[in-house]
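Side chains included, hydrogens not; waters and symmetry mates left out as well; all remaining heavy atoms used. Computed from a predicted model, the values in this text were never measured in an experiment.
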Amino acid sequence: QKYKYTAVDLQKHKIKGVFIAKDETDLAEQLAKQSLYLILQVYSESDIHAPKVFALRLKQLIKEVFGVDIPVVKDST
């Protein structure tokens, strides 16, 4: 699958790109081999549920890290 991602290198430079990987874990592993560390991964272009999945994962991460439960609001546009 084709994934769009944002990563950082060892000098903390932000890099955006597209990578073909079998799944999210493979994406992170392949980027790490290039000394790139995933900070944001936009799901594969074929995943029609990507925005909702991303929002729910982000909500869960914010709750785990900061202890704050935020609402996920549907965009009306």
Between CD1 on residue Ile20 and OH on residue Tyr3, distance to nearest 0.5 Å: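 Rounded to the nearest 0.5 Å, the CD1-OH separation comes to 11.0 Å.
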Atom pair CG/CZ of Leu38 and Phe19 - distance to nearest 0.5 Å: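 It is 11.0 Å, given to the nearest 0.5 Å.
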Pairs of donor and acceptor atoms involving the side chains of residues 8-15, under 3.5 Å and at least two apart or interchain, shall be tabulated with distances.
| unit_1 | atom_1 | unit_2 | atom_2 | d |
| --- | --- | --- | --- | --- |
| Asp9 | OD1 | Gln11 | N | 3.0 |
| Asp9 | OD1 | Lys12 | N | 3.0 |
| Asp9 | OD1 | His13 | N | 2.8 |
| Asp9 | OD2 | His13 | ND1 | 3.4 |

Taking distance alone, no hydrogens or angles, what donor-acceptor pairs closer than 3.5 Å link side-chain atoms of residues 25-34 to residues at least two apart or in another chain?
| unit_1 | atom_1 | unit_2 | atom_2 | d |
| --- | --- | --- | --- | --- |
| Asp26 | OD1 | Gln30 | NE2 | 3.3 |
| Asp26 | OD2 | Lys22 | N | 3.0 |

